Amino acid sequence: MTTRFDRRRFLFGAGGAMLAIPLLESIAPRRASAGGGLAPKRLVVVHHDQGRMVGNGLPDDWWSPGSVTGPLPPVGMAPSTMLAELAPVRDEIVTLDGIDNLVRHASNMEDGHIPALVSTLTCAPQAGTDWSSTGPSIDHVAGLRLRTDAGMRASVILPASATPYFANEISGIEFYGAGGTEPALLSGNPAEAVVELFGPPMPDEGPRVPAAPTLQDRMVARRVDLLSGVTEQLQSLRGRVSAADRERLDRHAQFISNTQALVGGGGAVAPTDTCTRPDEMQMPIVLPSNYEEWQQIGNPPEWVRGRNDAITWPHQLENLVQALACDVVRVIGLTLHGDPAWTSEFPGGSPFEGSNELHNRIHGMASVSNNPQHADDIAVGFASHARKFTELIQRLAAIEDIDGARLLDNTLVVWVSDMGYGSDHQAWNVPVVMAGMSEAFDNGQGRHVVHNRRSMGDLWAHVLRMLGGDDTTFGATGTLGELGASLGIGDLSLSAGHASTTAATPLHMGALDL
Amino acid sequence: MLALALVTGCYSGLTADGESDASDTSPDGADGEPDGGHDDGAEDGSDDAGDSGGSPSGECGALSMNMRRMTLAQYRRSVEVIFDGLVSPSSRFPAPSGETQSGFSTELGAREIGEHDVEQTLYAAEDVAEEVSVVLPQFLPCAEQSPPTQACAETFVDRFGRRAFRRTLTADEREILLSAFALAQEDGASFADSIALVVVQLLQAPQFVYLSEYDAPSERPLEPFEIASRLSYLLWDSAPDDALLDLAENGGLATADAVTAEAERMLNSPKADTTVARFFREWTRTRRLTQADKSPDVFPSFNADVAASLGESFDRFVVDAVREGQSLEGLVEGAEVWVDANTAPLFGVEAPAEGQWAKVAVDPERHRGILTQPALLASLSHSDRTSHVFRGYFVRSRLLCHELPPPPAAATSVEFDLPPNPTARDISEARMANDECAACHASLDPPGLAFEQFDALGRFSPTDALGREIDPSGVLTGLGEDIVFADHAEMIDALAAEPAMRRCFARQLFRFALSRMETPDDACVVEAIEAVLEETDGDLSAGLLAIVGVDSFRHRETL
């Protein structure tokens, strides 16, 4: 059973806890929103690496829903090959083409990825040849404005799952705090992340009258027992099949046992329409929690669970939306792995198992037709990214905010990447999907918008305006050449850009058509 | 001059017998592996394999059949059969997915189940159980007694357990299911909710999730319930219904003639339509197209309705061919098609009334049988242009069963000099100038170029988008005698009369029925299917049922 809280009761309790445990001050829920009325605005920035994961200029751009501005296909129909999983939330989204990560070119580094990763959310140049940026990312800037006071963290970064590759040196470096400092990166282990977000569990306040159990309650309560029955059925079949099939059944039995551990005591996420602190006791055991730990302890069985998005993601998703619903924090960066295994998408074994495997394959994607098998694998894997986005939107839509509206209506969600075309490191035409906060979209949602060149600076300035600001720029300003000159870089790395990118290209080109 | 980075692969060299050709991968990437191929043994019609000398399993011996998970279609239909169509299958059931070697989706059932699948199977079972609890009295009248008895629960387990496990339950299996009922009763659950908990277990049991047969120390005749399952999943993609289970239980499947007669009845039932359509779709790699499959810039008129109509036109065409008693030759050469308002323009015929379908005659010089079905040709195309490589590969691998080695690693980086706006033939000819590419594409490209007058939606036009005449002529090699053709119609005529195509069709029927590629041990059964096609002049129904008539079908090889 999950621990449910009434929002007001939860916030009241949190206030009490703050008195007792001052150290929790920075992570405890705010009192400010406990009084009801106007709901706060929130922002979720989603990032994945490698853009469209193909080369540029080819007819088989499988990400883009189209070459002109217009409505997306109706609900239930795939906007594009790679965005097919967004079909259920078609009415909530706007997809964008024509936005370039221009600041990426002001770099002396030969590496095709680092300059793009460190600049896409910051629009600030790389720190020399360091693998870091010189400025804060959009989540931090927005979070400073949206938070209640200095006691609330401006932004936290949540990894979508616990693949330990996540914390290697390349991945997760797209988010930054003030001046390009490290962000508040939370654990990929959902059970740890919930404590990092909410603090220790709150004591329950007296007995509550239990409602009559529903059939769903009964099924959930008996999952472990019923799975034991399934194992017994399996054993009764096992003696009558061939040796090879027995081995398959034995593996099946092991998975049943693992599933019992997963759902034991109450099961996965239970939908709720109130602010709920997720209960870490109901979450799967996931090891290791970070890259360093992984290096020390290798691949224990729990790691299999940690890298399986289908097992970890529902809990991280719930951590994310409940942190917003309970007003623990108002801006969250969600980082999809730069080097995902996508284990849950490939039950028979993921072709992306192993560090850098996705990266290597994307470099073979100068065209989808180059290697249809690799292309299919990438498309299957990418669907995992897209499905997470859809589930995020659906979950935000399912929760009632303090003003009675959907949490999604007060939350702007922006999904971007570091590049446009990962196959050849090109940083123009970054794929962008926006959702939520529908009133901030002048032209409505359910649209695909094609710009004739705008920059990430334009995008983030627009996002700040949607959140109530009057910004016209974000990050570096002026022209690309001026930025390069200020950094002492005479030879801009222009080959990874739009054909007409030059030193004279302005870093801001105008408002977005949203 | 334009430099083209070759995006369609080619291969180095021919296979050992010098007969087979090579191609790049298929449009869906499904044929990365060599296409099986046992040409030598099967071609001379000799009967030297598997003679077991008077064995009950016949001259070919028993067939080996691995345990298989159900496909999504099979799961859906099975749930409908088990609960009398009153309960929706869950959308969370984890179907096996991935690429197949044979091209037939049921092959995926041989894949390992994953941990995530096991978890999802739990949730899927709960979804169905929720619905069962609501409609229970509709298919279990004793549930309305006040109060329902233990005997009523046992009735449920016996009747619906039999449907789910496709046989009478063992005492152990029955007991385990009833203990789920007892658990719920202990919790104070209502009768309907207690039955729901039984359903949660029932639909996760490996006896339901896997199609399995008992293994014995030596080959053995199948039990009647096992024959019923083989028939039902072969012809209906579904669990056997009560009538078929009763027939099995009452000795109605005890003889070869009885099994064949039942199979004929099942094939003639409308319940077989979607399975028949699936065979022809999967044989020809004809996908279920969606709007996203075609470029809106190049094909602005292609929408979800047109995509759906293309698929239905194909399905109606192939099901009608079987129902009308057509032969393989008729399927390939027929000049009648099914059209609605969306598809009539593609065939250049008058459209029936909105929402109506009609069988109409088409110009045989343009449209000829299954190979010119727009859904097929559109599947064998890119989103914005044709692909003579996909189409040539299709002719070689799926119609002629030629063995196709994978493309060499360097195939994608070869560059050619091409004129501006090159035609498909320009590209093909440029490729021929490279010896390594030509080794394979010389035999691969011509049958693909024969269809070049059909665009990426399968529409016929003698000229391309720039108004240039398209030359579809060529030579089909690798068949003993080369076939020179002026256009696709001539090539199709030649293929229809080609014994190699009928032999290949027999193999495809085998792969469909057994959900796997054939092995050398299967040569005898494949030949038996060939013989049926020979005796019946390629009758499609006879071909689909041929496997059932082989004694091997009713026997199981030890694994």
Side-chain angles (χ1 to χ4, degrees), chain A residues 58-60 66-67 73-74 77-81 84 213 215-216 218-219 221-223 225-227 229-230 232-234 236-237 240-245 248-249 251-252 254-256 258-259 262-263 304-305 308 310-311 343-344 346-349 364 366-367 369-373 375-376 380, chain B residues 5 7-8 25-29 32 66-67 94 96-99 111-120 122 126 129-130 133 170 172-173 176-177 179-180 183-184 187 189 193 196-197 200-201 204-207 210 212-215 290-292 295-297 304 382-385 412 558-559:
Chain A
L58 292 157
D60 36 18
S67 57
M77 289 177 49
S80 68
T81 302
L215 172 57
Q216 180 65 29
R218 293 189 189 283
M219 291 192 297
R222 287 295 188 182
R223 275 174 176 165
D225 298 311
L226 293 175
L227 282 164
V230 174
E232 287 181 52
Q233 297 284 16
L234 182 148
S236 79
L237 179 67
R240 292 175 291 185
V241 298
S242 69
D245 290 342
R248 293 178 70 189
L249 287 177
R251 283 188 286 276
H252 190 145
Q254 180 59 50
F255 292 145
I256 291 175
N258 295 350
T259 302
L262 174 69
V263 302
V304 175
R305 180 165 295 151
N308 189 327
I311 292 174
T343 310
S344 56
F346 299 93
S367 161
S369 310
N370 266 1
N371 189 326
Q373 181 61 61
D376 285 352
V380 167
Chain B
V7 295
T8 53
T25 48
S26 68
D28 54 5
N66 279 316
M67 193 170 76
S97 62
E99 303 301 333
R111 301 276 169 89
E112 285 286 318
I113 200 163
E115 180 171 327
H116 180 53
D117 298 328
V118 171
E119 188 185 341
Q120 291 302 115
L122 161 68
E126 290 179 353
E130 286 259 16
S133 75
T170 66
D172 281 352
E173 290 165 345
I176 298 165
L177 286 168
S179 63
L183 265 184
D187 292 343
D193 284 3
L197 263 67
V200 172
Q201 190 189 97
Q204 293 183 80
Q207 288 89 332
Y210 295 99
S212 67
E213 293 164 355
Y214 299 159
D215 209 50
T290 67
Q291 184 172 16
S295 163
D297 298 333
H382 296 286
S383 68
D384 60 344
R385 63 190 189 284
T412 55
T558 299
L559 290 175

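Atom set for the values below is all heavy atoms of this structure, side chains included, hydrogens, waters and symmetry mates excluded. Since this is a predicted model, take the numbers as computed values, not measurements. Quick note on labels: first sequence line is chain A, next is B, and so on, each numbered from 1.
Comparing B:T290, B:T170, B:L122 by how many heavy-atom pairs each has under 4.5 Å with chain A, the most go to B:L122. Chosen from B:Q201, B:Q120, B:Q291, B:H116, the residue pairing most often with chain A at heavy-atom distances under 4.5 Å is B:Q201.
For B:S295, no part lies near chain A; criterion is any non-hydrogen pair under 4.5 Å. For B:N66, the parts lying under 4.5 angstrom from a heavy atom of chain A are both the backbone and the side chain. Of the two parts of B:D193, the backbone and the side chain both hold a non-hydrogen atom closer than 4.5 Å to a non-hydrogen atom of chain A. With a 4.5 angstrom heavy-atom cutoff, B:E213 touches chain A only via backbone atoms.
Annotation: ring-ring contact (aromatic ring centres under 6.0 Å, His included) contacts of B:Y210 (sequence neighbours excluded): A:H252. Judged as a side chain to side chain contact (heavy atoms under 4.5 Å, CB included), and not counting sequence neighbours, the contacts of B:A129 are A:M219, B:A196, B:V199, B:V200.
Side-chain contact check for A:E232 versus B:L177: every heavy-atom pair is 4.5 Å or farther apart. At a threshold of 4.5 Å between non-hydrogen side-chain atoms, the residues A:S242 and B:T558 do not count as touching. Taking the side chain as every heavy atom from C-beta outward, B:E130 and A:L215 approach each other to under 4.5 Å.
B:E126 and A:R223 are joined by a salt bridge, as a carboxylate oxygen and a charged side-chain nitrogen come within less than 4.0 angstrom of each other. Remark: A:R218 does not engage B:D187 in a salt bridge, criterion side-chain N to carboxylate O under 4.0 Å. At a threshold of 4.0 Å, the pair A:R240-B:E173 counts as salt-bridged, since one of the basic side-chain nitrogens sits closer than that to a carboxylate oxygen.
Across A:V230, A:V241, A:D245, a single residue satisfies side chain to side chain contact (heavy atoms under 4.5 Å, CB included) together with B:P206, and that is A:V230.
Between the B:Q207 side chain and the A:Q233 main chain, a donor and an acceptor come within less than 3.5 Å of each other.
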